[in-house]
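Taking it in order: structure first as structure tokens, then the write-up.
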Protein chains: 2
Amino acid sequence: MEYEQLKLGNQVCFPIYAASRLITRAYQPLLDQLDLTYPQYLVMMVLWENDQVSVNTITDKLILNTNTVTPLLKRMEVLGLITRKRSETDERSRTISLTEKGLKLREQAALVPMQLAEKLDVGELNIDEIIDLRDKLNRLIEAIKN
Amino acid sequence: MEYEQLKLGNQVCFPIYAASRLITRAYQPLLDQLDLTYPQYLVMMVLWENDQVSVNTITDKLILNTNTVTPLLKRMEVLGLITRKRSETDERSRTISLTEKGLKLREQAALVPMQLAEKLDVGELNIDEIIDLRDKLNRLIEAIKN
DNA sequence: TGATGAAATATCGCACGCGATATAAAATTG
DNA sequence: CAATTTTATATCGCGTGCGATATTTCATCA
């Protein structure tokens with residue numbers, strides 16, 4: 001059994017990669033109604049939890065780089081969801097704030113998690129297993145981040 | 001506790017999304033030595049396990065669409081790793097085959113899984129937990145695929 | 001057998017995602 | 001305080017990833 005370690009079925013990383021894309025696909029029809037992409041939805045979740053944050057705060061929470069987040073935020077500004085003002089205390093920094101429209105969207109978005117849970121069909125994995133999955137992934141993430 | 005379901009920390013999907021990207025980042029320095037990207041490495045794994053397959057086989061195994069895979073394969077053809085011949089029995093189909101160079105690369109690639117495991121630092125999650133994680137993800141994937 | 005539908009792959013446009021690099025402002029340091 | 005380093009964000013180029021649509025060939029069926 002040479003090269004056993006190179007088989008797809010023996011990989012942990014591939015299921016994570018595949019699951020990530022499948023989940024994004026499952027979200028998309030729901031998010032279309034909010035005119036958001038999945039990464040944009042994540043940014044909104046950060047802001048709904050904590051308005052008026054720096055770009056750095058967003059990159060940290062979402063574990064993304066500025067070269068991903070800056071254009072993302074610009075598109076969201078065009079959509080009228082956020083503003084990107086320069087910080088008054090530190091001219092290098094930008095303060096990202098929700099607009100009225102962005103804040104309002106939260107009400108519609110509140111339905112999304114439940115709708116997604118239905119799409120994922122809880123039958124295959126029960127709540128405890130989902131929580132266990134989440135915790136293991138979070139530990140894996142911490143391990144990789146060092 | 002309004003909008004509790006919209007908090008990042010309560011999501012399962014976000015850790016999957018984040019872990020996927022972190023893993024790809026961790027792979028990249030190792031794959032750079034083989035001049036491969038992570039998706040290209042996945043295609044190679046499919047072919048090393050089963051040479052001479054159709055585009056459809058690859059899209060099925062990797063759960064990707066043709067509009068992702070076709071350009072991916074074209075780039076890999078330019079790299080001299082594969083060939084893309086039209087099938088003789090069905091002119092619509094293409095047979096993807098490894099070149100000598102592509103086949104040879106397997107020897108170097110065989111080291112990658114171990115090198116990655118070291119990078120991910122097994123300390124945080126032990127082998128049994130990793131296997132459990134993999135199995136839960138595979139069940140989740142099956143559930144989403146319906 | 002000719003029309004009609006299905007299957008396999010490809011093209012287009014757009015939004016990420018990131019390594020490498022740039023720019024400007026703040027912090028540090030000699 | 002001027003020079004240097006660090007920090008925060010932005011730009012560039014390229015490779016995915018995918019919805020929508022097109023193209024070519026095969027299968028089916030009236």
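- In terms of modelled atom types and a separation under 3.5 Å, the side chain of B:W48 and the main chain of A:K7 share no donor-acceptor contact.
- B:T99 pairs by the side chain to side chain contact (heavy atoms under 4.5 Å, CB included) definition with B:T83, B:K101, not counting sequence neighbours.
- For the contact set between residues 64-73 of chain A and DNA chain C, defined by any heavy atom under 4.0 Å, the members are A:L64, A:N65, A:N67, A:T68, A:L72.
- Contacts classified as ring-ring contact (aromatic ring centres under 6.0 Å, His included) and involving residues 66-96 of chain B (residues at least two apart or in different chains) are not found.
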Which atom pairs, one a donor and one an acceptor, fall under 3.5 Å between side chains of residues 33-42 of chain B and the rest of the protein, sequence neighbours left out?
unit_1: B:T37; atom_1: OG1; unit_2: B:Q40; atom_2: N; d: 3.3
unit_1: B:Q40; atom_1: OE1; unit_2: B:T37; atom_2: N; d: 3.1

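- Remark: side-chain polar atoms of A:R21 are paired, donor with acceptor, to backbone N or O of B:I63 under 3.5 angstrom.
- The backbone N or O of A:Q5 lies less than 3.5 Å from a partner atom in the side chain of A:Q11, making a donor-acceptor pair.
- Each salt bridge (Lys or Arg N to Asp or Glu O under 4.0 Å) pair with one or both residues in residues 49-77 of chain B, not counting sequence neighbours, appears once here: B:E77-B:R84.
- A side-chain donor-acceptor contact under 3.5 Å links A:T59 to the backbone of A:N56.
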A correct 5'-to-3' footprint of nucleotides 3-8 of chain C, with B, S and - meaning base, sugar-phosphate only and no protein heavy atom under 4.0 Å, is ----BS
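- Remark on the helix from C:dT1-D:dA30 to C:dG30-D:dC1: inter-end axis angle 10°, axes from five-pair C1' superpositions, rounded to 10°.
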Which donor-acceptor pairs under 3.5 Å do side chains of residues 131-140 of chain B form with protein atoms, sequence neighbours excluded?
unit_1: B:D132; atom_1: OD1; unit_2: B:K136; atom_2: NZ; d: 3.1
unit_1: B:D132; atom_1: OD2; unit_2: A:K136; atom_2: NZ; d: 3.1
unit_1: B:D132; atom_1: OD2; unit_2: B:K136; atom_2: NZ; d: 2.7
unit_1: B:K136; atom_1: NZ; unit_2: A:D132; atom_2: OD2; d: 3.1
unit_1: B:N138; atom_1: ND2; unit_2: B:R134; atom_2: O; d: 3.3
unit_1: B:R139; atom_1: NH1; unit_2: A:E129; atom_2: OE2; d: 3.3
unit_1: B:R139; atom_1: NH2; unit_2: A:E124; atom_2: O; d: 3.0
unit_1: B:R139; atom_1: NH2; unit_2: A:E129; atom_2: OE1; d: 3.1
unit_1: B:R139; atom_1: NH2; unit_2: A:E129; atom_2: OE2; d: 3.2

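- Residue contacts for B:R84: at a heavy-atom cut-off of 4.0 Å it reaches the sugar-phosphate backbone alone, with no base atom in range.
- Scored by the side chain to side chain contact (heavy atoms under 4.5 Å, CB included) test, A:E88 finds no partners at all (sequence neighbours excluded).
- Between A:Q40 and B:K74, the residue anchored nearer the 5' end of DNA chain C, judged by the nucleotide with its closest heavy atom, is B:K74.
- If you check residues 13-38 of chain A against DNA chain C, the residues with a heavy atom closer than 4.0 Å are A:T37, listed by number.
- For B:R92, the side chain to side chain donor-acceptor pair (under 3.5 Å) test picks out B:D90, with sequence neighbours left out.
- Within the 4.5 Å cutoff, side-chain heavy atoms of A:V43 are placed close to those of A:L72.
- With salt bridges taken as basic N to acidic carboxylate O contacts below 4.0 Å, none links A:K104 and A:E107.
- Taking every nucleotide of DNA chain D with any atom under 4.0 Å from a non-hydrogen atom of chain A, the first and last of them, 5' to 3', are D:dT7 to D:dC18.
- The shortest side-chain heavy-atom distance between A:R25 and B:I144 does not fall under the 4.5 Å cut-off.
- A donor-acceptor contact shorter than 3.5 Å is absent between the side chain of B:S20 and the backbone of B:I16.
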